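Only one structure is covered here, and it is reproduced in the block below.
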Amino acid sequence: MARAGIILAAGMGTRMKSALPKVMHEVAGLPMVGHVIQAMRGAGVERIVVVTHKAGDAVRAFAEKMGAESVIQDPQLGTGHAAACAAPLLKDFAGTVIVCYGDMPLVTSATFDASFASQAETGMAMIGFRPADSGAYGRMILDRARLLDRIVEFKDANAEERAETLCNAGILAAATKEFFYWAGKLDNNNAQKEYYLTDVPSLAKADGVRCAVIEADEVEMMGVNSRAELAKAEAAMQVRLRAAALKNFVGLVAPDTVHFSHDTVLEPDCAVEPYVVFAPGVTVRSGARIRAFSHLEGVEVGSGAIIGPYARLRPGTVVEEDVHIGNFVELKNTRIEKGAKANHLTYLGDARVGAGANIGCGTITCNYDGFFKHKTDIGAGAFIGSDTALVAPVKIGDGVMTGAGSVITKDVPANALVVTRAPQVEKPGWAEKYRAVKKAEKAAKAAKKP
Ligand code: UD1
Ligand code: CA
């Protein structure tokens, strides 16, 4: 059966006190709504509609980037009303629809899959969970057959209903056509005067369609409403990503100190030392080692390479096999070819470093003139002396040597030595004489004081 999805994301998330819509806050470097979209895709959901606030331009742009559609809900009349806003796009969809909130970044494809499977048997399915603190979640009341009788929102619940520990996570699977029929029949006779998605199962029941409830993990079902909950979701996601890396044979000696992004690719048998941050877009090949306190973003690290400690690799960088990048080296939009080395205190931006080249301590590519970026090209086997400034655009031929402290402004042909240093001036005994004069001046000044 074909699968469609609706993600509710029209709330402004006032409890975050942020200019950014709540669902755009990131977990492991991806907006929360992106995690929900990805989990739906993983469960074979082919059409995904994100329901947004009229001021949710950022959410709509992001949804489009992720290949999802979007609609505007205006005004916000409740979760049932929000889901019904997807009707113009999906009402003729021949298949099953799943509804989920956009603030559940830990939800997995497996849970969506299980919901669809259960829906296929029973006609409708929802996900329940038993959190340590049931708080203000909607309570799920089951009948003797363990099917859903009704959901009671916390604000509408009596003491007995509030004592129920099974809570509504906010995932519902149903036949699309029927779903929109029931969503259109909802009323708002409740404490919040809202059209509740959670009343759909009762309408279905009245029409003879029963709703099964699957219990899922508390952590996975967590909804994020505040900064504290966002931090909690991030921590839980990091636990998940670290465990996956270890399972994939990545050498993590202090996994709790390594920070991952949702898309970090670490091949088996690479090693990551403590306190490394992987921002989005990183791939590390087998046999590479990322040493402590390094920060990587948008880079590919080849096998046998050693990065850090204290290295910063920025987007657009490719480090080939057996390259060594040492402490306080920053690379941006730069390709370092096989076996080259930049071991200390260097900035290379918009550059290519040929195979086997050696970049001395303190080397800098002057790649920006205040208006434009320019390229630096360093040939294979070049030896760049310490503290060389390469003023781009500039091309250093294969095998060139540059003298320490040189400022290179013109292209240098292969195998040349280039030095731009001022000649050395030497004055024998000068320093000794200078000290004697100054010492005498100081003594005379002290003698004058009353
Ligand atoms: C909802 C459920 C509750 C469940 C809980 C799980 C309802 C009525 N209640 O309560 O049973 O236990 O989630 O976390 O569904 N939204 C819209 N438009 C609206 C209202 C909400 O798009 O008009 C979106 C929000 O952006 C949010 C999601 O729907 O992503 C859930 O809304 P929220 O107000 O957080 O619902 P809860 O009160 O937490
Ligand atoms: Ca919520």
Side-chain angles (χ1 to χ4, degrees), residues 5-16 18 20-25 27 31-37 49-56 58-60 63 70-87 98-107 111 126-131 133-141 148 150-157 161-162 164-172 182-183 186-203 211 213 215-216 218-226 229-230 232-233:
I6 303 171
I7 301 175
L8 309 188
M12 282 310 268
T14 45
R15 282 168 285 181
M16 300 291 281
S18 173
L20 200 64
K22 178 170 80 173
V23 297
M24 289 305 289
H25 283 263
V27 170
M32 291 197 274
V33 66
H35 286 279
V36 183
I37 293 173
V49 176
V50 181
V51 182
T52 63
H53 190 277
K54 69 174 185 304
V59 185
R60 285 186 288 280
S70 60
V71 289
I72 292 176
Q73 181 199 20
D74 183 36
Q76 278 68 52
L77 299 178
T79 51
H81 173 256
C85 289
I98 197 153
V99 185
C100 180
Y101 302 146
D103 62 358
M104 298 171 59
L106 293 151
V107 68
T111 296
M126 288 192 81
I127 303 290
F129 69 126
R130 296 183 194 273
D133 174 9
S134 314
Y137 286 115
R139 304 299 203 261
M140 298 180 114
I141 314 294
L148 186 63
R150 64 191 189 279
I151 295 175
V152 192
E153 285 306 300
F154 184 79
K155 286 186 179 148
D156 300 294
E161 288 162 337
R162 286 182 179 186
E164 173 58 57
T165 57
L166 185 63
C167 292
N168 170 36
I171 295 174
L172 182 150
W182 291 313
L186 290 168
D187 64 44
N188 64 352
N189 300 327
N190 53 53
Q192 305 186 77
K193 295 279 164 280
E194 285 184 1
Y195 297 86
Y196 290 163
L197 177 67
T198 47
D199 284 343
V200 164
S202 299
L203 295 176
C211 181
V213 174
E215 281 196 41
E218 175 187 353
V219 173
E220 185 186 331
M221 290 302 117
M222 178 186 173
V224 171
N225 299 309
S226 65
E229 284 165 0
L230 182 66
K232 223 168 129 185

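The shown structure was predicted, so the numbers you read here are calculated from the model rather than taken from an experiment. In this chain, numbering begins with 1 at the start of the sequence shown. In each ligand, atom 1 is the first atom listed, and ligand 1 is the first ligand listed.
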Does the residue L77 have a heavy-atom contact with ligand 1, meaning some pair of atoms that are separated by less than 4.0 Å?
yes
Closest candidate by heavy atom, reference atom 17 (C) of ligand 1, pool R15, M140, Q73, M32:
Q73
Could you tell me whether I151 and ligand 1 have an N or O pair separated by under 3.5 Å?
no
Ligand 1 to L197 polar contact by distance, N or O atoms, under 3.5 Å:
no
If you measure from atom 23 (O) of ligand 1 to every heavy atom of P131, C167, G78, A82, which option wins on shortest distance?
G78
Check this for me - ligand 1, L8, N or O atoms closer than 3.5 angstrom, yes or no?
yes
Strictly under 4.0 Å, does any heavy atom of G223 approach an atom of ligand 1?
no
Report yes if some N/O of T198 lies less than 3.5 Å from some N/O of ligand 1; otherwise report no.
no
Any side-chain heavy atom of V213 within less than 4.5 Å of one from L166?
yes
Have a look at K22 and tell me which of T14, D103, V59, V33 forms a side chain to side chain contact (heavy atoms under 4.5 Å, CB included) with it.
D103
For ligand 1, which part of E153 has a heavy atom less than 4.0 Å away: the side chain, the backbone, both, or neither?
side chain
Numbering as shown, the atoms of ligand 1 that approach N168 to under 4.0 Å (heavy-atom distance)
2 (C), 3 (C), 4 (C), 5 (C), 6 (C), 11 (O), 12 (O)
Give the numbers and elements of all ligand 1 atoms closer than 4.0 Å to a heavy atom of T79.
7 (C), 8 (C), 15 (O), 20 (C), 21 (C), 29 (O), 31 (C), 32 (O)
Atom indices of ligand 1 within 4.0 angstrom of Q76 heavy atoms, with elements:
23 (O)
With heavy-atom distances below 4.5 Å as the criterion, would you say the side chains of M126 and I151 are in contact?
yes
Would you say A9 touches ligand 1, if touching means a heavy atom closer than 4.0 Å?
yes
Atoms in ligand 1 with a heavy atom of Y137 nearer than 4.0 Å:
5 (C), 6 (C), 12 (O), 14 (O)
State plainly whether the residues R150 and E161 are in salt-bridge range, i.e. N to O under 4.0 Å.
yes
With the threshold set at under 4.0 angstrom, would you say H81 reaches ligand 1 through any of its heavy atoms?
no
So, regarding V23 and ligand 1 (criterion: nitrogen or oxygen to nitrogen or oxygen, under 3.5 Å), is there a contact or not?
no
Atom indices of ligand 1, in the order listed, that fall short of 4.0 Å to a heavy atom of Y196
8 (C)
Ligand 1 atoms nearer than 4.0 angstrom to some heavy atom of G138 are 3 (C), 4 (C), 11 (O), 12 (O)
Can an N or O of K22 be found at a distance shorter than 3.5 Å from an N or O of ligand 1?
no
Quick one: is the NZ or CZ of R162 closer than 6.0 Å to the six-membered ring centre of F154, and within 45° of its axis?
yes
